[in-house]
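Any value given below was found using the heavy atoms of this structure, including those in side chains, with hydrogens, waters and symmetry copies removed. If you're wondering where the values come from, they're calculated on a predicted model, not measured in any experiment.
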Amino acid sequence: MATAQEKATPCCAAETNKPAANSSAAAQPPQQQRSSVATTFISAIDSPPKTASAKGITVMVRAQTSHPLDPLTAAEISVAVATVRAAGATPEVRDSMRFIEVDLVEPEKQVVALADAYFFPPFQPSLLPRTKGGPMIPTKLPPRKARLVVYNKKSNETSIWIVELREVHAATRGGHHRGKVISSNVVLDVQPPMDAVEYAECEAVVKDFPPFREAMKKRGIEDMDLVMVDPWCAGYHSDADSPSRRLAKPLIFCRTESDCPMENGYARPVEGIHVLVDMQNMVVLEFEDRKLVPLPPADPLRNYTSGETRGGVDRSDVKPLQIIQPEGPSFRVNGHFIEWQKWNFRIGFTPREGLVIHSVAYIDGSRGRRPVAHRLSFVEMVVPYGDPNDPHYRKNAFDAGEDGLGKNAHSLKKGCDCLGYIKYFDAHFTNFYGGVETIENCVCLHEEDHGILWKHQDWRTGLAEVRRSRRLTVSFICTVANYEYGFFWHFYQDGKIEAEVKLTGILSLGALQPGETRKYGTTIAPGLYAPVHQHFFVARMDMAVDCKPGEAFNQVVEVNVKVEEPGDNNVHNNAFYAEEKLLKSELEAMRDCDPISARHWIVRNTRTVNRTGHLTGYKLVPGSNCLPLAGSEAKFLRRAAFLKHNLWVTSYASDELHPGGEFPNQNPRVGEGLATWVKQNRSLEEADIVLWYVFGVTHIPRLEDWPVMPVERIGFMLMPHGFFNCSPAIDVPPNPGDLDDKESGMSVKPIPNGLIAKL
């Protein structure tokens, strides 16, 4: 991803990242029992500075230019790919390498603490222990590492490589590149995610297949330029889907007009054709024209472009809406480090997850920097369809694990939903052949007005106080076939963090015989119906409530509201109370939402208390949610056993990142990932806690969802619960504006009377 300096908008005076190789600030003592571990760790990576012997002047090593959590640069990706390719045993092996993912190996939490203490502002030496004999000031950080998922197209093998990026200079400067292979391992019985290059090749192969052309001719289509072939991963339904072959089962659609590139081709699904493609060798393995279903007639309402281009007229009474920040934004950006309204965190990005939020903390007055979470991201999503008919029964996409949310992200240069002052970040990826591609303006950072933060009017005096709420939003949007997904993290002035997913795009449709209806979907046009389906998302939250890196002092409490039994304690039959239960182990912490009891969960620090003597915490408050509407033997649940509960809690392990396992594509193993990890039943009474929250929506399509689906929002909230001694929003000032009401603190801009008269 690009630095702040590279992508600052014109009105941004972005700060330049100025890391220091050394700091003279002494470390402050943390928890006593952690000091020996951290001291040993620092000693292992510390080395004396180089010196220039000519004049005896100490020459410090080159300052770190990339924080350990910064996404890989384009140059680093190039070095990693070149290193792996050079390590290929033969020219044939090297030529067969296809690069699925190149990602940062995120370092241990103590390395992050070291970087934040001495190398990158704001310098925080208190994150590390005081050592005997004075402070230990390190001179360098460990080299960054890249992790590569490589597919061998000739042998159909998947391998994982770890490359140490010992020295990297920008490729555009003709610099020197060095990398070192640390490890390489072949992973048996898996298929890695598909790539866009493969999808394009698959489409071409199918359209050139003579039996397919003949089948389309029967349906009145001879122009293959009208045909759209959407390759879908095969999933796993039987041994025929074994990962010994790399398979795709495409869905077919057909546009009406060859001269209209913006036509909605998803409006004409082609039913009755079965195609199975060998994606390794790019050949059609199976083809069958099972049922001749007429193409739906061209729906005059199918297109979604503006005005006359879709055969309609746009509204003419929408006035301009401008968000202006004449003094610039309230946030500060230094590289990938963000500061805003007492919050600070780092922005990361991966090919699979997309946006990642690192090292979330709140600056709380004299209590200083208080950590909330080490890492936040959306790690998987699953879209199962509820129509048992072919081909819809096999539509259960794992959009992160089978495709990659980050790799399918948009360049927001092509349309952004943000208004006002925007700070963008670029993202860099490898393509299938190992080249580096950049998505410009991939991540959006901006402030939003969010209505009233708080208000009270004293009825005796008539005096009122009101404050506007402002939030900082970090987001990206991706397209996976017909659907768009926007992923948002919102930070609020009262200490809340909101996770939100916005769903939009185009419905995946089916065709109907004349006079036919389907109970498993909604008819939206003649010969056209939209099957029922669900969307599930998994948020992984590596929590650190009041925990410094390396500390494991968190626990999870479930809270349910109970109605008091009638009796002496409830003579008026109105009593209810909140009952808490400590989730002591991983198997005990497989939980579901219960809106009737207002169920929520609190992550507490076991060793930090607030002014009332209670443990500090952050609570997870569910939004609307659901569970899979499928039988226990549903095929997709073999790979998605994590959908069976809304909440899972695990003790942190660095290799437990993907709830369905790293390779869900054609995965034959039952319950791999989260459902298997929790069988260890590790203790959670005082641990390094990771929350896995599964949330979803059941979509019963409406006519109003066609031809493009208006945004639907789902998500959840992380809220302080006894974390602060009072409301952190109390010191938010009145909003400055064009016309200030001194009594209420409101900022308003009245409509001129002349304009009102015209309206």
Side-chain angles (χ1 to χ4, degrees), residues 1-17 66-67 69-78 102-104 170 172 196 262 321-325 328-340 345-358 377-378 399 403-431 435-448 471-480 483-491 500-505 711:
M1 298 179 71
T3 65
Q5 202 171 25
E6 291 169 328
K7 294 304 298 182
T9 51
C11 57
C12 176
E15 298 180 23
T16 305
N17 194 358
S66 294
H67 187 277
L69 293 176
D70 283 352
L72 293 177
T73 65
E76 287 175 318
I77 293 173
S78 295
V102 181
D103 197 11
L104 174 73
T172 55
M262 289 299 292
L321 175 62
Q322 297 179 343
I323 308 298
I324 300 173
Q325 294 179 275
S330 300
F331 57 78
R332 293 188 295 174
V333 179
N334 192 340
H336 291 86
F337 183 71
I338 313 299
E339 295 176 284
W340 177 83
F345 55 87
R346 290 189 175 275
I347 289 177
F349 204 87
T350 75
R352 183 166 182 155
E353 303 157 284
L355 177 63
V356 179
I357 307 295
H358 295 285
S377 69
F378 297 97
D399 287 336
D403 287 284
L405 301 178
K407 290 184 73 171
N408 286 284
H410 294 183
S411 169
L412 297 176
K413 292 176 68 174
K414 299 179 181 179
C416 183
D417 68 336
C418 309
L419 292 175
Y421 181 100
I422 303 170
K423 168 71 184 76
Y424 290 111
F425 297 84
D426 294 348
H428 306 292
F429 304 101
T430 179
N431 62 28
V436 179
E437 296 185 356
T438 297
I439 301 177
E440 295 184 347
N441 293 13
C442 185
V443 172
C444 173
L445 173 73
H446 74 294
E447 292 178 289
E448 295 178 341
R471 68 183 184 183
L472 183 69
T473 295
V474 196
S475 63
F476 82 105
I477 301 175
C478 69
T479 298
V480 186
Y483 256 104
E484 268 73 23
Y485 301 98
F487 296 91
F488 297 76
W489 292 97
H490 305 291
F491 294 83
E500 183 181 39
V501 178
K502 298 179 181 179
L503 301 82
T504 182
V711 165

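Taking His358 as the reference, nothing meets the ring-ring contact (aromatic ring centres under 6.0 Å, His included) condition, with sequence neighbours excluded. Listed by chain and number, the residues in a side chain to side chain contact (heavy atoms under 4.5 Å, CB included) with Leu104 are Leu72, Glu106, Arg144 (sequence neighbours excluded). The side chain to side chain contact (heavy atoms under 4.5 Å, CB included) check on Leu419 picks up Leu321, Ile323, with sequence neighbours excluded. Under the rule for a side chain to side chain donor-acceptor pair (under 3.5 Å), the partners of His446 that lie at least two apart in sequence or sit in another chain are Glu448. Partners of Glu437 according to the salt bridge (Lys or Arg N to Asp or Glu O under 4.0 Å) rule, which considers only residues two or more places apart in sequence or in another chain, do not exist here. Residues forming a side chain to side chain donor-acceptor pair (under 3.5 Å) with Asp403 (at least two apart in sequence, or on another chain): Tyr199. Residues that satisfy the salt bridge (Lys or Arg N to Asp or Glu O under 4.0 Å) test with Glu500, not counting sequence neighbours, are Arg713. Scanning for ring-ring contact (aromatic ring centres under 6.0 Å, His included) contacts around Phe429 gives Phe349, with sequence neighbours left out. With sequence neighbours excluded, the residues that form a side chain to side chain donor-acceptor pair (under 3.5 Å) with Ser377 are Glu353, Arg375. The side chain to side chain donor-acceptor pair (under 3.5 Å) search around Ser330 returns Glu447, Arg470, not counting sequence neighbours. With sequence neighbours excluded, the residues satisfying ring-ring contact (aromatic ring centres under 6.0 Å, His included) with Phe378 are Phe487, Trp489.
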Query raised in the report: Ile347 and Val356: side-chain contact (heavy atoms from CB on, under 4.5 Å), yes or no, with the steps?
Result: CA-CA 6 Å; Ile347 289 177; Val356 179; over 6 Å; no
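The nearest pair of heavy atoms linking Ile338 to Phe425 is CD1-CZ, 4.0 Å.
His410 and Thr479 form a side-chain donor-acceptor contact under 3.5 Å, judged by distance and modelled atom types alone.
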